[in-house]
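The chains referred to below are lettered A, B, ... by the order of the sequence lines, with proteins before strands, and numbering in each begins at 1. If you're wondering where the values come from, they're calculated on a predicted model, not measured in any experiment.
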Amino acid sequence: MPARGAAQLSRRMGQKKQRLSEAEQPQRLPDRAQTLSPMEPCLGPPAALGPQRSIYFSGPKSHSAQLGSEFFDQPAVPLARAFLGQVLVRRLDDGTELRGRIVETEAYLGPEDEAAHSRGGRQTPRNRGMFMKPGTLYVYIIYGMYFCMNVSSRGDGACVLLRALEPLGGLETMRQLRSTLRKGTVGRALKDRELCSGPSKLCQALAIDKSFNQRDLAKDKAVWLERSPPGSSEPAVVAAARVGIGHAGEWAQKPLRFYVRGSPWVSVVDRAAEQNAQD
DNA sequence: ATTAGGATCGCCT
DNA sequence: GGCGATCCTAATC
């Protein structure tokens with residue numbers, strides 16, 4: 001019942017304007033969400049895997065490349081930079097794997113950071129994930145209808161916001177998750193660049209909702225991070241002001257947003273910042 | 001109990 | 001570039 005699974009995911013995403021009748025929902029959904037499209041070969045690990053692979057797991061669905069807790073145990077700024085180029089993987093209930101290379105992040109530093117939810121040491125039920133161990137997800141609802149996905153870093157109340165991905169696999173499912181969820185017009189086809197170029201877009205595209213709050217990215221079976229393939233070159237990184245925090249005074253100016261220079265998958269390009277920081 | 005505001009998005013001009 | 005949607009959360013009364 002792949003179609004129904006996707007419908008349930010869709011309804012969990014908080015889109016109240018989605019009032020399709022039960023009868024018409026399956027028609028809007030894929031006839032084969034369970035298998036990847038022939039145009040999108042599985043990008044999972046090859047049959048020959050690294051020495052760390054457990055003998056109890058085999059095949060492309062194993063977490064052989066899942067980055068462990070050590071990776072996340074670093075301060076927010078270096079972690080935000082280290083995320084760039086790594087691959088975020090989301091495995092849906094039906095086995096579909098959605099994959100995207102992280103190309104844009106923001107660091108939130110904790111109590112001293114006036115733009116952070118943890119500013120002034122505020123700790124509330126909502127932002128508890130920011131204070132949990134590095135690698136813990138902090139997923140929250142914004143503007144009543146969208147989600148943002150953060151990963152706790154070293155440092156009390158510090159975390160990294162994931163802002164944009166380059167879609168690598170499962171694009172057809174991403175398109176469905178994104179378009180089904182959008183209100184209004186049935187129509188317009190989404191460009192690939194519209195799938196994951198924003199913090200809430202990527203949550204929609206990967207079916208990340210509040211049920212992922214406080215999960216451990218180093219341990220979870222439905223979402224994890226894989227190191228970029230060996231041989232990948234270090235991306236050139238631009239440091240720019242963070243987006244959408246105009247109220248935060250001097251903290252709004254600090255270059256705590258990081259993105260891959262020249263990537264067409266980034267949500268907001270900052271030409272001025274690119275001029276300044278010539279590598 | 002009430003209220004103000006928000007780490008966004010998509011459509012409009 | 002501007003604006004409305006939409007409702008949860010936290011702070012205040």
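Ring stacking holds between A:Y108 and B:dA7, with the centres under 5.5 Å apart and the planes within 30 degrees of each other. Ring-base stacking between A:Y146 and B:dT8 is not satisfied when judged by a centre separation under 5.5 Å and a plane angle under 30°.
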Could you run down the sub-3.5 Å N/O contacts of the protein with nucleotides 9-11 of chain C?
unit_1	atom_1	unit_2	atom_2	d
C:dT9	OP1	A:K210	NZ	2.7
C:dT9	O3'	A:R126	NE	3.4
C:dA10	OP1	A:T124	OG1	2.2
C:dA10	OP1	A:R126	N	3.3
C:dA11	OP1	A:R122	NE	3.3

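Between A:I245 atom CD1 and B:dG5 atom C1' the separation is 16 Å, expressed in whole Å. Here C:dC7 presents its P atom at 15 Å from CD1 of A:I142, a figure rounded to the nearest Å. Following rounding to the nearest Å, A:R242 (CZ) and B:dT8 (P) show an atom-to-atom distance of 11 Å. The nearest whole Å value for the distance from the CD atom in A:Q204 to the P atom in B:dG10 is 7 Å. Here the C1' atom of nucleotide B:dA7 and the CD1 atom of A:I208 are 17 Å apart, to the nearest Å. What separates CZ of A:F147 from P of B:dC9 is a distance of 13 Å, to the nearest Å. For the pair A:R119 CZ and B:dA7 P, the computed distance is 7 Å after rounding to whole Å. One can place OH of A:Y143 at 14 Å from C1' of B:dG10, the figure rounded to the nearest angstrom.
By the side chain to side chain contact (heavy atoms under 4.5 Å, CB included) test, A:D156 is found to be paired with A:F131, residues two or more places apart in sequence or in another chain being considered.
If you check every strand for non-hydrogen atoms under 4.0 Å, A:M130 touches a base.
A donor-acceptor contact closer than 3.5 angstrom links the side chains of A:E104 and A:S267. In the model, A:T105 has no side-chain atom that pairs as donor or acceptor with a side-chain atom of A:R163 under 3.5 Å. Side-chain contact check for A:Q253 and A:W251: no donor-acceptor pair (N or O, by modelled atom type) lies under 3.5 Å. At a cut-off of 3.5 Å, with distance as the only test, no side-chain donor of A:E106 or A:Y259 sits close to an acceptor on the other residue.
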Where each pair must be Watson-Crick or G-U wobble with both distances under 3.5 Å, what dot-bracket representation of DNA chain C is obtained, with crossing pairs in [ ] and other-strand partners as |? |||||.||||||.
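Using modelled atom types, one side-chain atom of A:R122 and one backbone atom of A:R119 make a donor-acceptor pair closer than 3.5 Å. With hydrogens and angles disregarded, a donor-acceptor distance shorter than 3.5 Å links the side chain of A:R154 to the backbone of A:D73. In this structure, A:R242 contributes its side chain and A:A107 its backbone to a donor-acceptor pair below 3.5 Å.
For the OP1/OP2 pair of B:dC9 and a distance below 4.0 Å, the side-chain nitrogens and oxygens of A:R178 include no atom meeting the criterion.
Ring pair A:F83/A:F72 is tilted by interplanar angle, where 30° to 60° counts as tilted.
Considering only side-chain atoms of A:M145, the nucleotide from B:dC9, B:dA7, C:dT6 that sits closest is C:dT6. Which of B:dT8, B:dA7, B:dG10 sits closest to the side chain of A:V243 comes down to B:dT8.
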